[in-house]
Amino acid sequence: MGWPGRRLCRVSGHVQDFNVYQCCGGLTARKILQNKLHDIDLCLRGILRGFGLKVGKTTPRTFAARICELVEGHPTLVGIASSLLRAREALASEFAGFERLLRAMARQNMDARRLMSTPGVGVLVSMTFVAAIDAPERFRSSRDVGPHFGLTPKKYQSGETDRSGRISKVGDVGVRTALYEAANVILTRPVKGSDLKSWAQDIARRAGPYKARVALARKLAVVLHQMLKNGTTFVPYKAALAKAA
C-alpha cells in the first residue's frame, strides 16, 4: 500500500506519533492466530466425525469441554485431542494478547477514537481503516474510497449489453470486510440511531439486505474518510448538524 513507517498528526495542538507498521503488524498477527484457531477447531471436528462423534454447536468456552466429553474412553483420540487442545489454548492466549494490544493502540490514537464514535465501528474496524487510509489527503474525493476497496459493482458493457454485477472486490480485503461487518452490525443489532441506519433500512426494503449492507459499507467509507480528513466526530442526524450551524 505504500504506507509510511510513521506520521506526525497535529490535532488540537498535540503531536501524535502513530506508527502505521505497528498497527498493521498487530492486525495481521491477530488475523493469523484467529485463522489458526479456526483451523484447529475444524481439524478436531473432522477427526471426531471420522469416528462417528459429532461435536455439534458449541461456544469458544464450551468447545474444549465438549471435545473431552466425546473422546472419553477412546485412548487414541484422547491423546490427539489433548495435544490439539493444548495448542488451541496457547493460541487463544496469544490471540487475547493481541486483542489487548489493539485496544491499547486504539485508545492512544485520536483518529481511531474519533472513528469509534460511529455506530457499528469498534476497535478493529477503526484501526483497520486508519492504517489503510493513513493520509486522508491522498484521496481527492471521499467517494473514491469505496471503489478503492472494491465496494462498487463491476460493469460489463458490450454492444447493447450493459450489465452491473457484484462488487469488484479489488483492493484490501481486510478493509472491505471490516466495513461490511460494521454495516451488518448497524443493520442487524440494536445500535444507537442515526441517519445511516434509516437510510440503509430503506435500501433493504427496496433491494434486499445484501445490497443494503454493501451500500452502507460504501457509505461508511465516505463518512469515515470525511471524519479523518476534517478531524470531526460522527454526527448521527443531518438535521441536528444543520440546526447547530
Side-chain angles (χ1 to χ4, degrees), residues 1-32 98 101-155 164 166-186 194-196 199-200 213-235 238 241:
M1 284 191 181
W3 293 316
R6 177 175 295 178
R7 69 185 170 97
L8 295 180
C9 175
R10 192 172 295 278
V11 181
S12 301
H14 298 284
V15 175
Q16 177 187 14
D17 189 359
F18 178 53
N19 193 316
V20 179
Y21 284 132
Q22 288 180 358
C23 176
C24 295
L27 289 167
T28 301
R30 176 197 173 277
K31 188 63 178 178
I32 290 172
F98 278 113
L101 171 66
L102 290 171
R103 284 196 295 270
M105 292 175 69
R107 284 194 299 269
Q108 295 170 5
N109 183 257
M110 289 185 178
D111 285 340
R113 294 205 308 270
R114 186 177 294 115
L115 296 189
M116 284 191 287
S117 64
T118 309
V121 177
V123 170
L124 291 178
V125 178
S126 63
M127 294 295 284
T128 301
F129 195 80
V130 168
I133 296 298
D134 184 49
E137 60 274 9
R138 69 191 181 97
F139 290 93
R140 184 174 299 177
S141 169
S142 295
R143 293 182 183 276
D144 296 335
V145 180
H148 181 77
F149 294 119
L151 287 167
T152 49
K154 291 184 288 188
K155 294 285 289 183
S164 293
R166 288 181 173 268
I167 57 174
S168 65
K169 295 186 179 180
V170 300
D172 192 322
V173 64
V175 180
R176 186 168 59 254
T177 301
L179 292 170
Y180 186 87
E181 289 177 351
N184 186 58
V185 168
I186 293 173
S194 71
D195 285 339
L196 276 178
W199 175 82
R213 286 192 289 269
V214 172
L216 182 53
R218 187 165 57 246
K219 188 83 166 179
L220 273 173
V222 174
V223 171
L224 297 180
H225 180 262
Q226 278 290 307
M227 291 167 64
L228 290 179
K229 185 177 179 181
N230 300 327
T232 56
T233 55
F234 181 73
V235 179
K238 289 182 179 178
L241 180 61

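Note that the coordinates shown come from a computational prediction; the quantities given were computed from them, not determined experimentally.
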Side-chain donor or acceptor of Arg176 paired with backbone N/O of Phe149 under 3.5 Å: yes
Minimal non-hydrogen separation, Gln108 against Arg113, with atom names: C-NH1, 3.9 Å
Residue pair Ser168 / Gly150: nearest heavy atoms and the distance that separates them: OG-CA, 3.3 Å
Sidechain-backbone polar pair: Arg218 side chain, Gly146 backbone, donor-acceptor under 3.5 Å: no
Ile133 side, atom CD1; Asp172 side, atom CG - distance, nearest 0.5 Å: 9.5 Å
Expected output: side-chain His148 to main-chain Gly171 donor-acceptor under 3.5 Å: no
Closest non-hydrogen atom pair between Leu196 and Lys219, with its separation: CD2-CG, 3.5 Å
Residue pair Ala200 / Leu216: nearest heavy atoms and the distance that separates them: CB-CD2, 3.7 Å
Heavy-atom closest pair, residues Arg140 and Lys229: O-NZ, 4.3 Å
side-chain contact (heavy atoms from CB on, under 4.5 Å) involving Val222 - partner list, sequence neighbours excluded: Ser142
Interatomic spacing from CZ in Phe129 to CG in Leu220 - rounded to 0.5 Å: 8.5 Å
Between CZ on residue Phe139 and CD on residue Gln226, distance to nearest 0.5 Å: 12.5 Å
Nearest-0.5 Å distance that lies between atom CD in Glu181 and atom CZ in Arg213: 11.5 Å
Pairwise distance CG(Leu179) to CG(Leu224) - rounded to 0.5 angstrom: 6.5 Å
Atom pair CG/OG1 of Asn184 and Thr177 - distance to nearest 0.5 Å: 12.0 Å
Output a table of donor-acceptor pairs, distance under 3.5 Å, between side-chain atoms of residues 116-128 and any protein atom two or more places apart or on a different chain; print 'none' if there are none.
from	atom 1	to	atom 2	distance (Å)
Ser117	OG	Arg114	O	2.6
Ser117	OG	Phe234	N	3.0
Thr118	OG1	Leu115	O	3.0
Ser126	OG	Gly122	O	2.9
Ser126	OG	Val123	O	2.9
Thr128	OG1	Leu124	O	2.6

Taking every non-hydrogen atom, the tightest pair across Val130 and Ala112: CG2-N, 4.0 Å
